[in-house]
Number of protein chains: 2
Amino acid sequence: MEVSHKKKSHHHGDLREALVAAGIELLNEGGLSALTLRKCAGRAGVSHAAPAHHFDGLNGLLTAIAARGFHIFSRSMIDERKKSGSEPKAMLAAICQGYLQFAQDNAALYNLMFTSENLGFDDEELARRSVAAYQILAEGCAPFASRTEDGEKIEIMIWSLVHGFAGLSHKARASNGEHPASKVVFDDILSILELKAE
Amino acid sequence: MEVSHKKKSHHHGDLREALVAAGIELLNEGGLSALTLRKCAGRAGVSHAAPAHHFDGLNGLLTAIAARGFHIFSRSMIDERKKSGSEPKAMLAAICQGYLQFAQDNAALYNLMFTSENLGFDDEELARRSVAAYQILAEGCAPFASRTEDGEKIEIMIWSLVHGFAGLSHKARASNGEHPASKVVFDDILSILELKAE
DNA sequence: AGTGTTACCTTGACATCGTCAAGTTAAATT
DNA sequence: AATTTAACTTGACGATGTCAAGGTAACACT
């Protein structure tokens, strides 16, 4: 008996992973309304009821997809951070760049991760991956937390800022560019903050 | 023939309004997944296909609900602003308070308004109401736009901040209080900005 | 090697959903 | 009063999530 993850047994090679991948594909192609248990099953080449043996219904699949989303999300932030120098301000800007890049390239997945009502809060993998993503942003904020101010407040402020900007940018792209947020780039906003390290 | 709004004719008094109200009720009670054309029709006391004569399918109803949402949203910000003094900083804080109060009391409706893919972008009422809501926030930001900095950037920054904070607060309430954003209040974040009028 | 067990998947059914076509009833118009 | 039109109903269709029951291939064990 296996530990429940990574089933590589018979009929299908790794159905669980194939279903998650198919779900992300559908999300990118047609948004949340295009993501369907039956269509995921179809793309994976199995019958419509097969997913039930790997996930607790649709919400279970959504939870697994969100968990995978947070993994990709973290990678996007880390990749950008690696490309920046070691200067605190540049690093934070790079992390935010990775944040916004992911949100832009995976809009439907991002919304699923952050605004879905039906995710399993208690899922271990989802909790771990989302906390890990937050850690990256928090590390980027750490140099700017002076001893008088609570570092947590800085984190929440930056997180709110980038999260909010991502959401508004989505709407800016949906509307036909009439949206106020479309003309402004995030770096300008960060510079207004006049953050100072230490 | 009427102008399409405010049908007070026969069988039902004002079905259009009743359907929107029922939709908001369902949204508050069970989230987006509980919002159904057929259930709205049922609550309004009409048959399942009646809504089709007032809205362009489900997306049309969602659009009307979102438009009504922006109206309530604007009222919430205006109400709080009235309760504050005339000092610029207090006014902006009050507007944000009304913003966050609405987002908290109507979480599902708020998410529908800001993250739904299926709203009619081109709907006249929705566009008008959402622009009106943005105006309120923009007016609150105006005193802080120095001539050297583009006022629009300040608006986007504040909007991103409060929008992002609202979204994170939703997740903080969904998770069981373990979320970082739950311990911090928005006023603390606003004070970090050290905004100065003029 | 043969047998039983179990994990993996299929088939079929059901209720619910959005949508469409056609019909019905009541109001408005002429 | 007759006709037109607006408001709603009825019935049907395909798609969806979920459940129950069955089948099949891999594995375990004697």
Side-chain angles (χ1 to χ4, degrees), chain A residues 1-20 22-23 25-27 29-66 108 112 116-120, chain B residues 1-23 26-27 29-66 108 112 116-120:
Chain A
M1 175 176 165
E2 296 243 13
V3 83
S4 108
H5 249 57
K6 269 284 173 71
K7 336 227 164 177
K8 52 182 168 183
S9 31
H10 60 150
H11 287 149
H12 194 285
D14 189 350
L15 182 54
R16 185 186 160 96
E17 182 55 32
L19 289 169
V20 171
E25 274 184 32
L26 289 167
L27 229 34
E29 293 172 13
L32 183 59
S33 52
L35 173 48
T36 283
L37 259 182
R38 291 170 109 106
K39 276 191 274 193
C40 288
R43 292 217 174 185
V46 294
S47 79
H48 66 265
H53 295 272
H54 295 270
F55 304 101
D56 185 17
L58 175 60
N59 294 345
L61 175 58
L62 293 179
T63 301
I65 289 175
L112 170 68
S116 177
E117 317 159 341
N118 306 28
L119 299 185
Chain B
M1 175 177 168
E2 298 237 14
V3 84
S4 109
H5 248 56
K6 270 280 171 70
K7 334 228 165 174
K8 52 182 169 183
S9 29
H10 60 149
H11 287 150
H12 194 285
D14 189 350
L15 182 54
R16 185 186 161 96
E17 182 54 33
L19 289 169
V20 171
L26 289 167
L27 230 34
E29 292 172 14
L32 183 59
S33 53
L35 173 47
T36 283
L37 259 183
R38 291 170 111 106
K39 277 193 272 193
C40 287
R43 292 219 174 184
V46 294
S47 80
H48 67 265
H53 295 270
H54 295 271
F55 304 101
D56 185 18
L58 176 61
N59 293 345
L61 175 57
L62 293 179
T63 301
I65 289 175
L112 171 67
S116 176
E117 315 161 340
N118 307 23
L119 298 186

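Reminder, nothing fancy here: chain letters follow the sequence lines and each chain counts from 1.
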Quick one: [X] [atom1] to [N] [atom2], roughly how many Å, whole number?
| X | N | atom1 | atom2 | result |
| --- | --- | --- | --- | --- |
| B/F55 | C/dT19 | CZ | P | 13 Å |
| B/K39 | C/dC17 | NZ | C1' | 10 Å |
| A/L35 | D/dA15 | CG | P | 17 Å |
| A/L61 | D/dT16 | CG | C1' | 14 Å |
| A/L58 | D/dT18 | CG | C1' | 11 Å |
| B/N59 | C/dC20 | CG | P | 11 Å |
| A/R38 | C/dT10 | CZ | P | 13 Å |
| A/L37 | D/dA15 | CG | C1' | 13 Å |

Atom pair CG/CG of B/L37 and B/L62 - distance to nearest 0.5 Å =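 Here the rounded value is 8.0 Å.
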ask   = At what distance, to the nearest 0.5 angstrom, does NZ of B/K39 lie from CD of B/E29?
value =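 It comes to 9.5 Å.
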request  = Please evaluate the base of C/dC9 for a donor-acceptor partner in the side chain of A/H53 within a cut-off of under 3.5 Å?
outcome  =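 Under the 3.5 Å cut-off, the side chain and the base do form a donor-acceptor pair.
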query = Which one of A/V20, A/V46, A/L26, A/L58 satisfies the side chain to side chain contact (heavy atoms under 4.5 Å, CB included) criterion with A/C40?
reply =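 Among A/V20, A/V46, A/L26, A/L58, the one meeting side chain to side chain contact (heavy atoms under 4.5 Å, CB included) with A/C40 is A/L26.
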State which of [options] makes the closest approach to the side chain of [X].
| X | options | answer |
| --- | --- | --- |
| B/L15 | C/dC17, D/dC8, D/dG17 | D/dC8 |
| A/A49 | D/dG17, D/dC8, C/dT10 | C/dT10 |
| B/S47 | C/dT19, C/dT11, D/dT9 | D/dT9 |

ask   = Reckon B/T36 touches a base, only the sugar-phosphate, or nothing at all at heavy-atom distances under 4.0 Å?
value =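 Answer is sugar-phosphate: B/T36 comes under 4.0 Å of backbone atoms only.
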task = For residues B/L112 and B/A66, report the shortest heavy-atom separation together with the two atoms involved.
result =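 Minimum heavy-atom separation between B/L112 and B/A66: CD2-N, 4.4 Å.
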inquiry  = Check this one for me: any side-chain N or O of B/H48 less than 4.0 Å away from OP1 or OP2 of D/dC8?
reply    =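 The answer is no; no side-chain N or O of B/H48 sits under 4.0 Å from OP1 or OP2.
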task = Without swapping roles, check the side chain of A/T63 against the backbone of A/L119 for a donor-acceptor pair under 3.5 Å.
result =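 The answer is no, because no donor-acceptor pair under 3.5 Å joins these two groups.
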